[in-house]
Amino acid sequence: MTDPVYTPPKVWKWNKEMGGTWGSLNRPVAGSTHDHELPVGKHPLQLYSLATPNGVKVTVMLEELLALGHSGAEYDAHLIRIRKGDQFGSGFVEINPNSKIPALVDHSTPTPTRVFESGAILLYLAEKFDAFLPTDFTARTECLSWLFWQMGSTPYLGGGFGHFYSYSPDKYEYPIDRYAMEVKRQLDVLDRHLADKQFMCGDDFTIADMAIWPWYGALVANRVYQAAEFLSAHEYTHVMRWNNQIAVRPAVKRGRIVNRVSGRPDQQLHERHDASDFETRTQDKLAATE
């Protein structure tokens with residue numbers, strides 16, 4: 001079937017709600033839609049997030065820092081339900097004027113420091129705790145190159161392929177083919193790079209892995225968009241090996257379930273305010289006490 005032909009008007013106007021999963025939330029203006037003060041917990045680091053791939057990057061980083069013994073990385077993770085529009089509340093917009101999760105506030109600084117954009121948060125935490133970022137100039141540059149590769153490449157995976165393959169109210173051949181081709185090219189980039197490397201930057205697990213894994217590891221493991229078969233993900237054997245190696249890290253397992261609101265109840269920890277919450281506050285544990 002040929003996709004219907006659309007002739008753009010001379011000037012675009014927002015005069016109708018777009019369909020699909022996010023249609024009722026999307027709008028062409030920034031700023032808050034309602035007043036809502038954000039909670040502040042007991043730890044210096046306050047995270048406001050949801051366990052999307054971008055959110056998982058940061059909770060994995062925080063759990064990895066704690067596993068290394070960095071007690072200053074203790075954090076409260078508050079749930080932002082983006083399908084309900086929590087990201088447009090006034091308190092959240094003060095932290096991130098772009099209204100996207102995750103957003104972090106560091107209360108250990110002389111005045112609270114806000115950090116938004118997941119890549120910026122990873123870099124901020126890596127520099128603050130001197131961890132998961134190489135100190136050698138050349139190795140650091142390589143690591144940052146892959147961090148920014150993810151930030152620049154993933155919009156084609158999420159906003160492009162993921163949207164048209166999974167979220168669009170109608171399926172059209174051209175955009176799905178266009179973005180599937182690009183995503184497969186990106187997987188090939190990763191597969192070739194990982195052919196002779198344990199992690200993205202060699203033998204050490206870094207913020208480059210933390211940035212890329214929640215998206216591309218989840219993609220080949222069929223945890224996002226349910227498109228692994230469609231994309232022949234099994235062909236990218238080095239990416240598959242890399243994904244499996246990261247997925248079994250204890251801190252990654254913990255980070256993956258923080259602020260998660262879907263899937264198995266034992267894999268959902270809606271909010272994290274203490275290390276003991278993993279044992280007592282997952283949804284299966286809470287249901288058992290009701």
Side-chain angles (χ1 to χ4, degrees), residues 41-79 101-108 115 118-136 139-140 143-144 146-147 150 194 197-218 221 223 241-260 263-264 266-282 284-285:
K42 62 183 179 180
H43 300 299
L45 297 178
Q46 298 294 300
L47 178 66
Y48 304 91
S49 190
L50 181 70
T52 66
N54 284 336
V56 168
K57 296 176 192 176
V58 178
T59 48
V60 164
M61 174 65 160
L62 289 166
E63 291 298 327
E64 288 281 358
L65 286 168
L66 290 171
L68 279 184
H70 293 286
S71 59
E74 272 292 353
Y75 67 105
D76 293 276
H78 306 277
L79 181 62
I101 62 93
L104 179 77
V105 179
D106 184 355
H107 291 268
S108 71
V115 196
S118 56
I121 297 173
L122 291 180
L123 183 55
Y124 178 83
L125 293 172
E127 292 182 332
K128 180 180 177 71
F129 294 102
D130 192 22
F132 300 111
L133 180 63
T135 55
D136 173 78
R140 174 188 169 91
C143 183
L144 293 180
W146 284 110
L147 173 65
Q150 183 274 311
L194 289 165
K197 295 176 181 63
Q198 183 177 13
F199 296 110
M200 290 303 301
C201 298
D203 293 334
D204 295 325
F205 186 59
T206 69
I207 58 174
D209 300 283
M210 295 180 202
I212 297 169
W213 178 81
W215 282 103
Y216 295 89
R223 292 196 304 269
R241 184 269 308 160
W242 168 81
N243 165 66
N244 294 336
Q245 188 170 344
I246 292 173
V248 297
R249 294 174 68 94
V252 170
K253 289 182 178 181
R254 292 192 297 273
R256 249 197 92 235
I257 73 172
V258 176
N259 296 144
R260 183 164 297 282
R264 289 167 27 194
D266 65 320
Q267 295 295 298
Q268 297 182 44
L269 180 61
H270 287 189
E271 296 210 349
R272 188 266 195 213
H273 301 288
D274 189 87
S276 64
D277 290 347
F278 292 102
E279 303 298 326
T280 62
R281 302 288 297 175
T282 53
D284 61 321
K285 299 292 196 322

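- Contact check for Y75 versus L66: side-chain heavy atoms found under the 4.5 Å cut-off.
- Using a 4.5 Å cut-off on side-chain heavy atoms (C-beta onward), R256 and Q267 make contact.
- Contact annotation: the side chain of W242 approaches that of M200 to within less than 4.5 Å [non-hydrogen atoms, C-beta and beyond].
- Taking every heavy atom of both residues into account, V58 and P102 meet most closely at CG2-CG, 3.7 Å.
- In this structure, CG on L144 lies 6.0 Å from CG on L123, to the nearest 0.5 angstrom.
- The CG atom of D106 lies 11.0 Å from the CD1 atom of I121; values are rounded to the nearest 0.5 Å.
- Using a 4.5 Å heavy-atom threshold, the side chains of W213 and V252 count as touching.
- Every residue meeting the side chain to side chain contact (heavy atoms under 4.5 Å, CB included) condition with A103, not counting sequence neighbours, appears here in chain and number order: F92, I95, N96.
- The shortest distance between side-chain heavy atoms of L45 and H43 does not fall below 4.5 Å.
- To the nearest 0.5 Å, atoms NZ (K285) and CG (L269) are separated by 10.0 Å.
- Between K42 and D274 there is a salt bridge, since a side-chain N of the basic residue sits under 4.0 Å from a carboxylate O of the acidic one.
- Smallest separation of non-hydrogen atoms from P214 and A211: CD-O, 3.6 Å.
- For A131 against L65, the heavy-atom pair with the smallest separation is CB-CD2, 3.7 Å.
- D204 meets the salt bridge (charged side-chain N to carboxylate O under 4.0 Å, His left out) test with no other residue; sequence neighbours excluded.
- Scanning for ring-ring contact (aromatic ring centres under 6.0 Å, His included) contacts around W215 gives an empty result, with sequence neighbours left out.
- Checked for salt-bridge contact, R140 and E127 meet the test: a charged N lies under 4.0 Å from a carboxylate O.
- For R260, there are no side chain to side chain donor-acceptor pair (under 3.5 Å) partners, not counting sequence neighbours.
- Partners of Q198 under the side chain to side chain donor-acceptor pair (under 3.5 Å) rule, at least two apart in sequence or in another chain, do not exist in this structure.
- Closest heavy-atom contact between K253 and A247: CG-O, 3.5 Å.
- The number of heavy atoms from other shown groups lying within 6.0 Å of CZ (R223) is above 12.
- Taking Y48 as the reference, H78 meet the ring-ring contact (aromatic ring centres under 6.0 Å, His included) condition, with sequence neighbours excluded.
- Legend: residues meeting side chain to side chain donor-acceptor pair (under 3.5 Å) with T282, ordered by chain and number and at least two apart, are D284.
- Cation-pi geometry between R272 and F278 is not met: the NZ or CZ atom fails to fall both under 6.0 Å from the ring centre and inside 45° of the normal.
- If you take CG on L125 and CD on E64, they are separated by 12.5 Å, rounding to the nearest 0.5 Å.
- The side chain to side chain contact (heavy atoms under 4.5 Å, CB included) search around A126 returns M61, L133, I207, not counting sequence neighbours.
- Considering every non-hydrogen atom in both T206 and C143, the closest pair reads OG1-SG, 3.6 Å.
- Contact annotation: the side chain of T59 never approaches that of S49 to less than 4.5 Å [non-hydrogen atoms, C-beta and beyond].
- Taking all atoms of both residues into account, the shortest heavy-atom contact from A67 to R254 is CB-NH2, 4.0 Å.
- In this structure, the separation between CD1 on I101 and CG on N259 is 8.0 Å, given to the nearest 0.5 Å.
- A search for side chain to side chain contact (heavy atoms under 4.5 Å, CB included) contacts involving D136 returns T138, A139, not counting sequence neighbours.
- When the side chain to side chain donor-acceptor pair (under 3.5 Å) test is applied to R241, the partners found at least two apart in sequence or on another chain are Q245.
- Applying the ring-ring contact (aromatic ring centres under 6.0 Å, His included) rule to Y124 yields no partners; only residues at least two apart in sequence or on another chain are considered.
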| task | Go through D76 and L47 one step at a time and tell me if the side chain to side chain contact (heavy atoms under 4.5 Å, CB included) criterion holds. | result | CA-CA 6 Å; D76 293 276; L47 178 66; over 6 Å; no
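- Legend: residues meeting ring-ring contact (aromatic ring centres under 6.0 Å, His included) with F205, ordered by chain and number and at least two apart, are F199.
- Contact check for D209 versus F132: no side-chain heavy atoms found under the 4.5 Å cut-off.
- Distance alone, capped at 3.5 Å, places no donor-acceptor pair between the Q150 side chain and the A208 backbone.
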